[in-house]
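Structure record follows, encoded as structure tokens.
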There are 2 protein chains.
Amino acid sequence: MADDLDPRDFTSDDDGKRPLTRIQKVNRGKILEAALDVFSAHGFRGATLDQIAAEAGLSKPNVLYYFPSKEAIHAALLEGLLDIWLAPLRAIDPAGEPREEIMRYMRRKLEMSREMPRESRLFANEVLQGAPRMGAGLSTDLKTLVDEKAKVIEGWIAEGRLAPVDPHHLIFSIWALTQHYADFDTQVRAVLGPGKDPIEGAAPFLDMLFARLLKP
Amino acid sequence: MADDLDPRDFTSDDDGKRPLTRIQKVNRGKILEAALDVFSAHGFRGATLDQIAAEAGLSKPNVLYYFPSKEAIHAALLEGLLDIWLAPLRAIDPAGEPREEIMRYMRRKLEMSREMPRESRLFANEVLQGAPRMGAGLSTDLKTLVDEKAKVIEGWIAEGRLAPVDPHHLIFSIWALTQHYADFDTQVRAVLGPGKDPIEGAAPFLDMLFARLLKP
DNA sequence: GTCTAGTTTGACCGAACGGTCAGACTCACG
DNA sequence: CGTGAGTCTGACCGTTCGGTCAAACTAGAC
């Protein structure tokens, strides 16, 4: 599927502008793919290099040949994912139709819970434990972006084009309701029983929820 | 292994047939309190017995004297908490006023996110990683309870006393929206900035959200 | 005070972990 | 073909972890 990561991003941390060989591209990709699987399923501390190496089909020293440490693999995953994760929020257009923009954001986030559940769980694991390896980005980049979009939403409300809701909590509610289906997938499936796609039922429910919430 | 002098009597549960000494009561309490702190903050794998022992003010062998293993401490926490966690859902009264019952459930869950965030994160950590130490209870007890309450809600909808929403996803939405403030506390506080109580702002927002969602 | 069941601990163990290293192997290119 | 940069690995290291054990200590009923 289309969840391969671009390995180019991770060579630029040091000054070396060396071009990547074919083998480097392939193996870094294999490592990051395996690491996403393992980190998202067991958390940082619960994941082992041997597990990652085995799943990537490489030896442990070979994994350490491409990344200097377990931390570095985790950091590479987080960094590479943050932009993807926030892109739909960035895409909210102040010039667009308010309810349309917010509904689109919510639907895109729900899609991402279906298509990228491992990435969602990776972040969830990190935030749950106090974001010890991400702290900086949360208070700066994330807050800046959310505050900016909150201002946009406030403007819409002032114009009477949206119901008067707290914009920050509105954004939180979108995160909570969509990511829940990725992060708590085990619980949701246990309750719904087998053979049902949880997100299929979630989509119309969330559509109705936000339609009713946002109508002025 | 002869376990004739093994003090593994888990008398803190309903099954108690042997009396606990005063010291046992105190020390088991200290261990469970410390373990809740450590497990909720670092996950099962990320927590260490030394950490728990240090926080409980006991030596590691002494901790192992009261609980046979790290797993057993974790299991004791989960088991003791499951009932508390689901009590508000159980309390939904089929004979009550539908919107009142659901709003009360939501508000109680939000209160629990404020007052018992560690417990919320303990469950979140467990479910996030596929509930490897809880699997049974999810598919049986939890599903049974949720299905039962979903039937109640469906009845209310059929009577026209609630908007027609999927009852299972309604319950999921309550879980997601309330537990988000405990589980993702770090993120929420990073976005809102310091000096604000997130749940104070969440309460009126969620009141409005569910009021609008449930109105027939 | 005596005795015993209950409690506590320092020392220790094997396994698992993240990481290192010297050297062997492979690939691309002249 | 030869060659050097790039790739790979078995063996190994120091640390940390969960857990054990014998022995020492304590509480409290008699």
Side-chain angles (χ1 to χ4, degrees), chain A residues 7-8 10-11 14 16-32 34-35 38-39 41-77 129 132-133, chain B residues 1-12 16-32 34-35 37-39 41-77 129 132-133:
Chain A
R8 278 182 298 112
F10 313 117
T11 53
D14 286 334
K17 273 210 95 172
R18 63 196 197 246
L20 280 183
T21 66
R22 179 183 50 86
I23 295 179
Q24 278 173 344
K25 263 184 211 163
V26 169
N27 281 353
R28 277 172 187 263
K30 281 201 276 191
I31 292 169
L32 289 174
V38 177
F39 280 135
H42 306 291
F44 178 79
R45 190 63 154 53
T48 70
L49 281 176
D50 295 272
Q51 248 179 307
I52 295 171
E55 190 146 332
L58 302 171
S59 67
K60 186 169 65 171
N62 204 9
V63 168
L64 268 332
Y65 171 74
Y66 289 102
F67 291 91
S69 69
K70 180 184 175 184
E71 283 257 353
I73 301 175
H74 192 256
L77 275 179
Q129 305 186 2
R133 282 165 276 273
Chain B
M1 308 262 179
D3 48 344
D4 28 18
L5 354 141
D6 188 38
R8 61 188 172 80
D9 40 5
F10 292 107
T11 50
S12 53
K17 39 169 94 163
R18 200 168 311 177
L20 280 182
T21 65
R22 181 183 49 87
I23 296 178
Q24 278 173 345
K25 263 184 212 164
V26 169
N27 282 353
R28 277 172 188 263
K30 282 201 277 192
I31 291 169
L32 289 175
D37 245 49
V38 177
F39 280 135
H42 306 291
F44 179 80
R45 192 62 155 55
T48 70
L49 281 175
D50 296 272
Q51 249 179 306
I52 294 171
E55 190 146 331
L58 302 171
S59 67
K60 184 169 65 171
N62 205 8
V63 169
L64 269 331
Y65 171 73
Y66 289 102
F67 291 91
S69 69
K70 180 184 176 185
E71 283 256 355
I73 302 176
H74 193 257
L77 275 179
Q129 306 186 1
R133 281 167 275 273

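Since the model is a prediction, treat every value here as computed from it, not as a measurement. Numbers restart at 1 for each chain; the letters A, B, ... are given by sequence-line order, proteins then strands.
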>> With a cut-off of less than 4.0 Å, is there a side-chain N or O of A/Tyr65 near OP1 or OP2 of C/dG19?
In response: no
> If every non-hydrogen atom of B/Ala76 is compared with every non-hydrogen atom of B/Leu32, which pair is closest and at what distance?
Replying inline: CB-CD2, 4.1 Å
> What is the distance from CD1 of A/Ile23 to P of D/dT9, rounded to the nearest Å?
Replying inline: 12 Å
> Can you find a heavy atom in the side chain of A/His74 that is under 4.5 Å from one in the side chain of A/Phe67?
Replying inline: no
> At under 4.0 Å, does any side-chain N or O of A/Gln24 touch on OP1 or OP2 of D/dT7?
Replying inline: yes
> From the list D/dG19, C/dT8, D/dC8, which nucleotide is the closest neighbour of the side chain of A/Asn62?
Replying inline: D/dC8
> Tell me: OH of A/Tyr66 to C1' of C/dG19, nearest whole Å?
Replying inline: 18 Å
>> I need the CD1-C1' distance between A/Ile52 and C/dC17, as an integer number of Å.
In response: 12 Å
>> How many whole angstroms separate atom CG of B/Asp50 from atom P of C/dC12?
In response: 17 Å
>> Contact list please: residues 53-61 of chain B against DNA chain D, heavy atoms, distance less than 4.0 Å, in numerical order.
In response: B/Lys60, B/Pro61
> Nearest to the side chain of B/Lys70 - C/dT8, D/dG6, D/dG18?
Replying inline: D/dG18
>> Run B/Ile23 and B/Tyr66 through side-chain contact (heavy atoms from CB on, under 4.5 Å) and show every step you take.
In response: CA-CA 11 Å; B/Ile23 296 178; B/Tyr66 289 102; 3.5 Å; yes
>> Using whole Å, what does the distance between atom C1' of nucleotide C/dG18 and atom NE2 of A/His74 come to?
In response: 15 Å
> Does the side-chain contact (heavy atoms from CB on, under 4.5 Å) test come out yes or no for B/Asn27 and B/Lys30, once each step is laid out?
Replying inline: CA-CA 5 Å; B/Asn27 282 353; B/Lys30 282 201 277 192; 3.3 Å; yes
> Once you round it to whole Å, what is the distance between P of C/dT7 and NZ of B/Lys25?
Replying inline: 12 Å
> By a strict heavy-atom criterion of less than 4.0 Å, which residues belonging to residues 42-49 of chain A are in contact with DNA chain C?
Replying inline: A/Ala47, A/Thr48, A/Leu49
>> In whole Å, I'd like the distance from the CD atom of A/Glu71 to the C1' atom of C/dC17.
In response: 14 Å
> Which heavy-atom pair separates B/Leu64 from B/Leu49 by the least distance, and what is that distance?
Replying inline: CD2-CD1, 3.7 Å
> Residues in side chain to side chain donor-acceptor pair (under 3.5 Å) with A/His42, at least two apart?
Replying inline: A/Gln51
> Does B/Leu64 or A/Asn27 map to a spot on DNA chain D nearer the 5' end, using the closest nucleotide for each?
Replying inline: A/Asn27
> Which is it for A/Arg45 and B/Thr48 under the side-chain contact (heavy atoms from CB on, under 4.5 Å) test, yes or no, and what are the steps along the way?
Replying inline: CA-CA 11 Å; A/Arg45 190 63 154 53; B/Thr48 70; 3.7 Å; yes
>> How many whole angstroms separate atom CD of A/Gln51 from atom C1' of C/dA15?
In response: 16 Å
> Would B/Ile73 and B/Phe39 count as a side-chain contact (heavy atoms from CB on, under 4.5 Å) if you check the C-alpha gap in whole Å, the side-chain angles of each, and the deciding distance to 0.1 Å?
Replying inline: CA-CA 10 Å; B/Ile73 302 176; B/Phe39 280 135; 4.0 Å; yes
